[in-house]
Novice: 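I'd like to ask you about the structure that follows.
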Amino acid sequence: MNILLLGGGGREHALAWKLAQSPMLSTLYAAPGNPGIAQHAELVDLDPTDHRTVLDFCIRHSIGLVVIGPEAPLVDGLADNLRTMGVPVFGPNKKAAQLEGSKGFTKDLCKRANIPTAAYERVTSKDGAVAALNDFALPVVIKADGLAAGKGVIIAETREEAETALDTMFSGSFGAAGEEVVIEEFMTGEEASFFALTDGTAILPFGSAQDHKRVGDGDTGPNTGGMGAYSPARVLTAALEADVIERIIKPTVDTMRAEGMPYSGVLYAGLMLTDEGPKLIEYNARFGDPECQVLMMRFDGDLAALLLSVAEGRLADEGPVTLADRTALTVVMAANGYPGTPEKGGAINGIAAADAMGAKVFHAGTSDTGGAIVANGGRVLNVTATGASVGEAQAAAYTAVDTIDFPTGFCRRDIGWREVARERG
Ligand code: AMP
Ligand code: GLY
């Protein structure tokens, strides 16, 4: 089978690496890909917003499965157009992708399906929003409704901050994403992410992870796409996981199907583990980045076969997903300036040496300038290792990080700190 993988970050390098291990695979194509993905795939120049051209490519190259990595093509309806033409695709249709594409849509769904989540109000004007603020205690959470590349969430400690946030959103700073806003109750607890594959009916758990969103050690500084992650997130115990499936994932999948927008793909639930039990913060319609990297390190199976089974609605026939007991941990090496404007072109050496030590270095934002790998993005490398404990995985990942010479880059030195502290007791 030929597979087309869309995307070009660390998440897609991890997917390409696993897909390439499938005995089912003939040729893996990737667009746009990156130098890491190029080790496993033939890179092709395809614009994912040009659905006609993607479809033509699939037909000409006998593509048996399209794997869509990022959210934008999903929210844009690429999966709908491929499915309509009979091309199996891993990733939800446009209506189902609203679970990521519209925070208000998801909150309303939670209300209809009685899914535990923060209290909220949807507002479409500054005046309406200011009036709605009276219904919430401080701090209060202000969110742009649409996709805002992870930047559309503001936690306001004071009324003034809340009003400033509302001004920013309604003044168009987030474009169309901010035309509608969700105001939410602030929840407290530890965050964890849970992943489940679903074909619209059957549900197969795909493990848990914990991300580190802030740029600096000790969870300080601005938010990023994620500076590191580990899996599993042991705070999400088996009992809590069962609760999440029963009270959050299953009602979501069932309601989406019942309402004529079945969700097919991976459902990534961002959770707050509150005193009242797990509550949904948000859904993503794709694997997380860098959470995917640690999940793929633990995944033991034929990824192509499994994703095809999701795409073809045969997930009920699959056995449980096998994930290694070991902990996987990834450290993001970013370019100086990130999450602002990252410095481009910085030289990187030592990737092969880090890989040779048993770590796995995924390329996230690199380019190949005639054999030399240089930085070409904010998040540049994901240095990933496994261990019997988080402490062990962390030590192995940082030993590999220290083997890499990337003078214009930086990383957090404390990925996994919560769990390492718990392990030390
Ligand atoms: P989101 O993009 O919805 O995942 O939000 C980004 C981050 O904001 C989350 O990972 C949480 O840390 C925080 N956050 C979002 N919503 C809430 C909430 N209702 N209560 C507390 N923190 C939240
Ligand atoms: N690491 C967070 C995300 O992929 O949304």
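Note that ligands are numbered from 1 as they come in the structure, with each ligand's atoms numbered from 1 the same way.
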Novice: Flag Asp211 as yes when one of its N or O atoms lies below 3.5 Å from any N or O atom of ligand 2, and as no otherwise.
Specialist: yes

Novice: Check for me whether the distance between the ring centres of Phe206 and Phe299 falls short of 6.0 Å.
Specialist: yes

Novice: Counting only N and O atoms by type, is there a donor-acceptor contact under 3.5 Å from the side chain of Thr274 to the main-chain atoms of Pro278?
Specialist: no

Novice: Can you list the ligand 1 atoms lying under 4.0 Å from a non-hydrogen atom of Glu282?
Specialist: 1 (P), 2 (O), 3 (O), 4 (O)

Novice: Out of Val140, Ile142, Val153, indicate the one that has the non-hydrogen atom closest to atom 6 (C) of ligand 1.
Specialist: Val153

Novice: Return the option from Asn284, Asp289, Asn223 holding the heavy atom at the smallest distance from atom 4 (O) of ligand 2.
Specialist: Asp289

Novice: Using the rule side-chain hydrogen bond (donor to acceptor under 3.5 Å, both in side chains), only one of Asn382, Thr384, Thr330 pairs with Gln293; which is it?
Specialist: Asn382

Novice: Charged N to carboxylate O below 4.0 Å: is that the case for Arg122 and Asp108?
Specialist: yes

Novice: Any idea which atoms of ligand 2 are less than 4.0 Å away from a heavy-atom of Gly288?
Specialist: 4 (O)

Novice: Using a 4.0 Å heavy-atom cut-off, say whether Met187 meets ligand 1 through its side chain, its backbone, both or neither.
Specialist: both

Novice: Taking distance alone, with no angle check, do Lys213 and ligand 2 share an N/O pair under 3.5 Å?
Specialist: no

Novice: Applying a 4.0 Å heavy-atom criterion (strictly less than), which segment of Lys213 is in contact with ligand 1: side chain, backbone, both, or neither?
Specialist: side chain

Novice: In ligand 1, which numbered atoms sit nearer than 4.0 Å to a non-hydrogen atom of Met272?
Specialist: 21 (C), 22 (N)

Novice: Lys143 heavy atoms, cut-off 4.0 Å: which ligand 1 atoms fall inside?
Specialist: 3 (O), 15 (C), 16 (N)

Novice: Is the closest N or O pair between Arg379 and ligand 2 shorter than 3.5 Å?
Specialist: no

Novice: Test your reading of the model: is there a side-chain donor-acceptor pair from Arg298 to the backbone of Ala324, 3.5 Å cut-off?
Specialist: yes

Novice: Which atoms of ligand 2 sit under 4.0 Å from any heavy atom of Glu291?
Specialist: 1 (N), 2 (C), 4 (O)

Novice: For the side chain of Glu185 and the backbone of Ala119, is there at least one donor-acceptor N/O pair under 3.5 Å apart?
Specialist: yes

Novice: What atoms of ligand 2 come closer than 4.0 angstrom to any heavy atom of Gly225?
Specialist: 1 (N), 2 (C)

Novice: Once you restrict to heavy atoms under 4.0 Å, what part of Arg286 touches ligand 2? Side chain, backbone, both or neither.
Specialist: side chain

Novice: Please state whether Tyr268 comes within less than 4.0 angstrom of ligand 2, counting heavy atoms only.
Specialist: yes

Novice: Within a 6.0 Å radius of atom CG on Asp47, are there more than 12 heavy atoms belonging to other residues, nucleotides or ligands?
Specialist: yes

Novice: Taking everything shown except Asp275 itself, do over 12 heavy atoms lie less than 6.0 Å from its CG?
Specialist: no

Novice: Would you call the rings of Phe362 and Trp17 parallel, tilted or perpendicular if under 30° counts as parallel and over 60° as perpendicular?
Specialist: perpendicular

Novice: Going by the order shown, which atoms of ligand 1 are within less than 4.0 Å of some heavy atom of Lys103?
Specialist: 2 (O), 3 (O)

Novice: Find all atoms of ligand 1 within a distance of less than 4.0 Å from any non-hydrogen atom belonging to Ala118, and give their numbers and elements.
Specialist: 19 (N)

Novice: List every atom of ligand 1 that sits less than 4.0 Å from any heavy atom of Glu184, numbering the atoms from 1 in the order shown and giving each element.
Specialist: 16 (N), 18 (C), 19 (N)

Novice: With no hydrogens and no angle check, is any side-chain donor or acceptor of Asp145 less than 3.5 Å from a backbone partner on Gly104?
Specialist: yes

Novice: Please find the pair of heavy atoms, one from Pro262 and one from Ala96, that lie closest to each other, and give the distance.
Specialist: O-CB, 3.7 Å

Novice: Which ligand 1 atoms, with their elements, are less than 4.0 angstrom from a heavy-atom of Glu185?
Specialist: 18 (C), 19 (N), 20 (N)

Novice: Answer side chain, backbone, both or neither: which part of Arg11 comes under 4.0 Å from ligand 2, heavy atoms only.
Specialist: neither

Novice: More than 12 heavy atoms of other residues, nucleotides or ligands under 6.0 Å from NZ of Lys250: yes or no?
Specialist: no

